[in-house]
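These notes are about the structure you will find just below.
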Amino acid sequence: AQAAEMAQVVRDHGADPEVRLMAFDIETQQLNQIGQLRGWLQTWGLTGQSTEPAMSWMGHSLQPGERMPGMATSAELARLRTLSGRPLDVYFLQLMIRHHRGGLDMAHEGAEHASLGYVRDLASKMAGSQQAEVVTMEQLLRERGGQPLP
């Protein structure tokens, strides 16, 4: 949901038509995927809440207070909302590249190890689309004089 939230900011306030279009595409795709995943949870009678530590399904667990890979901090989101014009476009690309890279490991894990074929298929499609978007966003960022965040 964080990717869609960041994309909405740029979709509505970004200066560059190419970056705004990328944001719209990301928002649309992410919201569709969220709906599909939530629908599966509902069908399976699950809430999406777990007593297991976050990320334990991948063989490691986050420590209390630790963010999932690629997630922006509250301060970064607040900064994103204060920017406009080219600085907003560049910062969005930086945050979203990091966000997508953080999600790629999870998508690959799901594509390889999910027990249901349709879950593996969606995870594989998510990984492919996010990898392609990273390549595009890196190009957009370079063209605008920015560098990826560490």
Side-chain angles (χ1 to χ4, degrees), residues 1-50 54-55 57-58 62 65-114 116-150:
Q2 188 182 75
E5 178 185 344
M6 291 189 294
Q8 288 168 354
V9 172
V10 173
R11 181 204 64 203
D12 294 342
H13 304 289
D16 189 305
E18 282 184 284
V19 177
R20 290 179 68 190
L21 181 59
M22 173 62 72
F24 175 79
D25 289 346
I26 289 170
E27 175 191 14
T28 304
Q29 186 172 21
Q30 294 271 328
L31 290 174
N32 181 43
Q33 292 166 351
I34 289 167
Q36 190 167 6
L37 295 170
R38 286 183 179 160
W40 288 343
L41 289 173
Q42 185 177 15
T43 298
W44 300 332
L46 301 172
T47 65
Q49 303 298 315
S50 175
M55 306 291 291
W57 61 276
M58 288 184 58
L62 296 180
E66 187 179 5
R67 289 178 295 129
M68 292 177 71
M71 295 296 283
T73 65
S74 297
E76 290 170 331
L77 292 173
R79 178 178 176 220
L80 182 74
R81 289 185 198 98
T82 67
L83 297 173
S84 61
R86 186 180 208 96
L88 171 60
D89 296 333
V90 168
Y91 196 52
F92 165 75
L93 291 168
Q94 290 172 320
L95 291 175
M96 193 60 70
I97 289 167
R98 188 180 69 193
H99 190 277
H100 272 26
R101 285 181 181 158
L104 281 171
D105 286 343
M106 290 181 276
H108 287 301
E109 184 78 13
E112 293 174 20
H113 301 290
L116 298 170
Y118 58 89
V119 175
R120 288 191 306 274
D121 290 345
L122 178 61
S124 179
K125 288 176 187 174
M126 291 167 83
S129 65
Q130 287 194 6
Q131 183 58 53
E133 288 171 352
V134 166
V135 170
T136 300
M137 288 188 291
E138 287 174 339
Q139 179 181 343
L140 291 170
L141 184 59
R142 281 190 304 275
E143 291 170 354
R144 285 146 187 82
Q147 297 293 319
L149 297 173

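What you see is a predicted model, and the numbers here were worked out from it, not measured in a lab.
When side chains are defined from C-beta on, Leu141 counts as touching Val90, because their heavy atoms get closer than 4.5 Å. Counting heavy atoms from C-beta outward, Trp40 and Leu116 have side chains that stay 4.5 Å or more apart.
Each of Gln130, Gln8, His100, Met6 was evaluated against Ile26; a single residue qualifies, His100, per the side-chain contact (heavy atoms from CB on, under 4.5 Å) test.
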For this session: Evaluate the criterion side-chain contact (heavy atoms from CB on, under 4.5 Å) for residue pair Asp89 and Val10; output intermediate values, then yes/no.
Result: CA-CA 7 Å; Asp89 296 333; Val10 173; 4.0 Å; yes

Exercise. Does the salt bridge (Lys or Arg N to Asp or Glu O under 4.0 Å) test come out yes or no for Asp16 and Arg144, once each step is laid out?
Worked result: CA-CA 10 Å; Asp16 189 305; Arg144 285 146 187 82; 2.8 Å; yes

Problem set entry | Stepwise side-chain contact (heavy atoms from CB on, under 4.5 Å) test for Leu77 and Gln2 | CA-CA 9 Å; Leu77 292 173; Gln2 188 182 75; 3.5 Å; yes

For this session: Would you please test Met22 and Met96 for side-chain contact (heavy atoms from CB on, under 4.5 Å) and show each step?
Result: CA-CA 10 Å; Met22 173 62 72; Met96 193 60 70; over 6 Å; no

For this session: Under the side-chain contact (heavy atoms from CB on, under 4.5 Å) rule, what do Leu95 and Leu149 come out as? Steps first, then yes or no, please.
Result: CA-CA 7 Å; Leu95 291 175; Leu149 297 173; 3.8 Å; yes

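Considering NE2 of His113 and CD of Glu109, their distance stands at 4.5 Å, rounded to 0.5 Å. Note: Thr136 OG1 to Gln131 CD = 10.0 Å, rounded to the nearest 0.5 Å. Interatomic distance, Leu88 CG to Leu93 CG, rounded to the nearest 0.5 Å: 9.0 Å. To the nearest 0.5 angstrom, Gln33 atom CD is 11.0 Å from Thr28 atom OG1. Atom CG of residue Leu80 and atom CD of residue Gln94 lie 10.5 Å apart, to the nearest 0.5 angstrom. Interatomic distance, CE of Met68 versus CG of Asp105, reported as 11.0 Å (0.5 Å rounding).
Considering all non-hydrogen atoms of both residues, Ala123 and Ala107 come closest at CB-O, 3.4 Å. Nearest heavy atom pair, residue Ala15 against residue Gly85, reads CB-CA, 3.5 Å. Shortest non-hydrogen contact noted between Met71 and Glu76 is O-OE1, 4.4 Å. Between His99 and Ala3 the shortest heavy-atom distance is CE1-CB, 3.5 Å.
Ring geometry, Trp44 versus Tyr118: the interplanar angle falls from 30° to 60°, so the pair is classed tilted.
Heavy atoms from other residues, nucleotides or ligands lying under 6.0 Å from CD of Gln42 number 12 at most. With a 6.0 Å radius and a threshold of 12 heavy atoms from other residues, nucleotides or ligands, Arg81 has its CZ atom above the threshold.
A search for side-chain hydrogen bond (donor to acceptor under 3.5 Å, both in side chains) contacts involving Arg101 returns Glu138, not counting sequence neighbours. Every side-chain hydrogen bond (donor to acceptor under 3.5 Å, both in side chains) that Gln139 has, sequence neighbours left out, goes to Glu143.
A donor-acceptor pair under 3.5 Å is formed between the side chain of Arg120 and the backbone N or O of Ala114.
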